[in-house]
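Heads up, the thing below is written out as structure tokens.
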Amino acid sequence: MCGIVGYLGEKDAVPILIKGLKRLEYRGYDSAGIAVMRNGEMNVVKKRGKVKTLEASVNDLGLSGSMGIAHTRWATHGEPSDNNAHPHTDQTGNISLIHNGIIENYSVLKQMLKKRGVTFTSETDSEVIVQLISMLYNRDGLSFVKAVQAALQEVVGAYGIVVMCKEEPGVLVAARLGSPLVLGVGDGEYFIASDASPIVEYTRNVLYLGEGEMVIINKDGYTIKNILKDTVVSKEITQIDLTIEEIEKGEFPHFMLKEIFEQEHTITDTLRGRIQIEEGSAHLGGIQDFLTRIENASRFYITACGTSWHAGLIGKYLLEEYANIPVHVEYASEFRYRRAVIDSRTVVIAISQSGETADTLAAIRKAKDVGALTMGICNVVGSSIARETDCGVYTHAGPEIGVASTKAFTAQLAVLTMFALMLGRMRKLSINDGREVAKSLTQISQSVSQILNTSEEIEKIAKEYLDVDNFLYLGRGLNFPVALEGALKLKEISYIHAEGYPAAEMKHGPIALIDEKMPIVVLVPHDRTYEKVLSNIEEVRSRNGRILLVTDKITDDLKSLSDHIIKVTNPHRITFPLLAVIPLQLLAYHLAVLRGCDVDQPRNLAKSVTVE
Ligand code: G6P
């Protein structure tokens, strides 16, 4: 979603800000803008479309300056347009602001400001903040910093903002509530951004602004304050654990392909140091202090959005089977607004790649309020969900830049499998069964590399399905959520309509869609569901559907029933979902590329959804 970058220092801010915006492109956006200060002048350029369109304008104008702010916008209030793009400037032309998040009371504030003669130039909620700051600064005579602070006390909603004022040319003010901001502390220069990716090239020293905090930056240093209490907050500088290679594509044409291929080692990174082969168990350091409460839980809720929710569904199968604890899996956006049965023996697990998804964060806060133990499974270290949960497990998949989640999903499955194994062993799983699972996890990366070798073969298959409008994905048991995830991947990046279904449920609806044009992807492991799934495939076959199978063993039966088969070498029944999703990621990727889609930044999607 929206991206923020700001710079104050000796260098020319423009190339730093433009490069920063490019680093933030992965978050998803539809317009971009920049404001820079030079010799007491503030120049603002805003463009609908890609950062490169903005860059061309900025170059034509020969823009430069030693301080500036820049933004990529993902439209919420008002269509994507030059006017609605950030930065927004107050009506005196003195103050510029960039904003991530949503101001919920913007309409009331807008009416109030209009009554006082303020003219608005955009349809956004964000412009309200800068006009409010302006009123407090120009009309009420507050200092620039105090005006920002006072304005933030009036707004309701979520924000990460950076503001600058022409009459205070050496000062940048940033503040956060519900929308992350990172301050980069360089040698005589400062960076502020919505995540560390625009900063890592210049410094590793960073500070994460906390909820309700603001930072006032000038060339001599910075001061962090609590917005409401007006007290100074002292914070330790931390080192970001991120390398440039991790956030660049390298030899790959797209981040998504790079990340699919990285799964050969990311799954191992997730498992590293955590599997206990001898004990047939796993050790998850981040939840160690809460094990008694977890072991004695009456029920688990798993709450998440998108791909992470699919991981949760698989987690339910694993946890109920191994640990014998009831598990409910809910979209965070639903969970947060309903009366779930939660007590002090309930454990609420939030799964989130980014750790910033607004609904998931709100779900966790609600769960904490009613006394549940909260546990996070997050990829981004230090993210809001990771910090706000009582305990948690990091997935350690490294930064995921492609909007469509791939390596984060398999890492989440690896964590959930270890969690189920550990809890299973604490409750009823035998050591021998535990050892089999633990051993199989250590064999995963070999299987992943075999699947990745089939990428070209999958590309060939994709060529045969280029002209279709609909896909159906089927699976049973543990593999039903994999069908959902395969369908989600395809629609996200290729814009082909796709649905995932439990295989047997097909005959209660989707079967009506099947004809000789319709491809059906079926997950068919040789487990206890095999015979049943085989019957479902027969049902598709007899209606002339085109069949693509993902299986762990190619048999004559399966060959005769299908148009294409992809084999996944699978060490254990429960690792099949983790492996079988990879060919589905590749299929979606190749289809999207062949259809000329923007794989890494699909239309309308955002990587990190920080609004409701
Ligand atoms: C967005 C992304 C998805 C992701 C979902 C949840 O929709 O495009 O890829 O699965 O958010 O994100 P999270 O960071 O909470 O896992």
Side-chain angles (χ1 to χ4, degrees), residues 1-3 24-30 74 76 178-180 194-195 197 255-256 259-260 270 302-315 329-336 348-365 374-389 392-413 415-416 481-482 484-495 500 581 584-585 588-589 592 597-612:
M1 222 150 236
C2 307
L24 292 169
E25 282 191 298
Y26 79 95
R27 294 166 70 99
Y29 70 105
D30 42 52
W74 188 86
T76 56
S179 208
S194 42
D195 68 49
S197 55
F255 279 109
M256 183 179 177
E259 287 156 8
I260 291 174
T270 309
I302 299 183
T303 188
C305 304
T307 289
S308 298
W309 181 75
H310 294 157
L313 289 177
I314 297 173
V329 185
E330 292 207 21
Y331 286 119
S333 53
E334 293 295 319
F335 180 78
R336 64 181 290 192
V348 177
I349 303 172
I351 307 180
S352 175
Q353 187 285 128
S354 62
E356 301 295 347
T357 303
D359 282 322
T360 314
L361 187 56
I364 277 298
R365 287 178 180 160
T374 57
M375 169 178 155
I377 297 179
C378 296
N379 195 37
V380 178
V381 175
S383 55
S384 302
I385 295 172
R387 281 187 283 114
E388 292 200 23
T389 38
V393 184
Y394 280 119
T395 44
H396 294 313
E400 190 176 68
I401 309 285
V403 164
S405 186
T406 53
K407 63 175 182 173
F409 177 70
T410 47
Q412 288 164 349
L413 294 188
V415 166
L416 287 162
V482 183
L484 292 176
E485 176 59 10
L488 178 66
K489 282 295 84 94
L490 189 69
K491 63 188 147 200
E492 279 179 316
I493 58 166
S494 74
Y495 317 138
V581 76
L584 306 189
Q585 295 168 347
Y589 171 80
C597 301
D598 186 348
V599 171
D600 284 334
Q601 293 156 37
R603 69 179 178 218
N604 304 336
L605 293 182
K607 181 73 186 157
S608 173
V609 180
T610 47
V611 296
E612 269 197 56

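These numbers come from the heavy atoms of this one structure, side chains and all, not from hydrogens, waters or symmetry mates. Both ligands and their constituent atoms are indexed starting at 1 by order of listing.
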For [X], take its heavy atoms, then give the atoms of ligand 1 lying under 4.0 Å from any of them.
| X | answer |
| --- | --- |
| Ser405 | 9 (O) |
| Val609 | 1 (C), 7 (O) |
| Ser352 | 13 (P), 14 (O), 15 (O), 16 (O) |

Option among Thr307, Asn379, Thr395 that satisfies the side-chain hydrogen bond (donor to acceptor under 3.5 Å, both in side chains) test with Gln353: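 Only match with Gln353 under side-chain hydrogen bond (donor to acceptor under 3.5 Å, both in side chains): Asn379.
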Nearest-contact summary for atom 5 (C) of ligand 1 - protein heavy atom, Å: Cys305 O, 4.0 Å
Looking only at protein heavy atoms, which one is nearest to atom 15 (O) of ligand 1, and what is the separation?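 Answer, as residue, atom name and distance: Thr357 OG1, 2.5 Å.
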So, does [X] sit close enough to ligand 1 that a heavy atom of it is under 4.0 Å from the ligand?
| X | answer |
| --- | --- |
| Ser608 | no |
| Ala606 | yes |
| Leu605 | no |

Side-chain heavy-atom pair [X], [Y] within 4.5 angstrom cut-off:
| X | Y | result |
| --- | --- | --- |
| Ile493 | Pro602 | yes |
| Lys489 | Leu584 | no |
| Ser194 | Arg27 | yes |
| Thr389 | Met375 | no |

Inter-residue atom distance [X].[atom1] - [Y].[atom2], 0.5 Å rounding:
| X | Y | atom1 | atom2 | answer |
| --- | --- | --- | --- | --- |
| Glu25 | Tyr29 | CD | OH | 3.5 Å |
| Glu492 | Met256 | CD | CE | 7.5 Å |
| Leu413 | Thr270 | CG | OG1 | 10.0 Å |

When only distance counts, is [X] in polar contact with ligand 1, meaning an N/O pair under 3.5 Å?
| X | value |
| --- | --- |
| Ser308 | yes |
| Ser354 | yes |
| Val403 | yes |

Does Thr307 approach ligand 1 within less than 4.0 angstrom via side chain, backbone, both or neither, non-hydrogen atoms only? both
Would you mind telling me if ligand 1 is within reach of the side chain of Lys607, the backbone, both or neither, using heavy atoms under 4.0 Å?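 It is the backbone that touches ligand 1; the side chain stays farther off.
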Are Glu400 and Lys407 within salt-bridge range, i.e. N to O under 4.0 Å?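 The answer is no: the pair does not qualify as a salt bridge.
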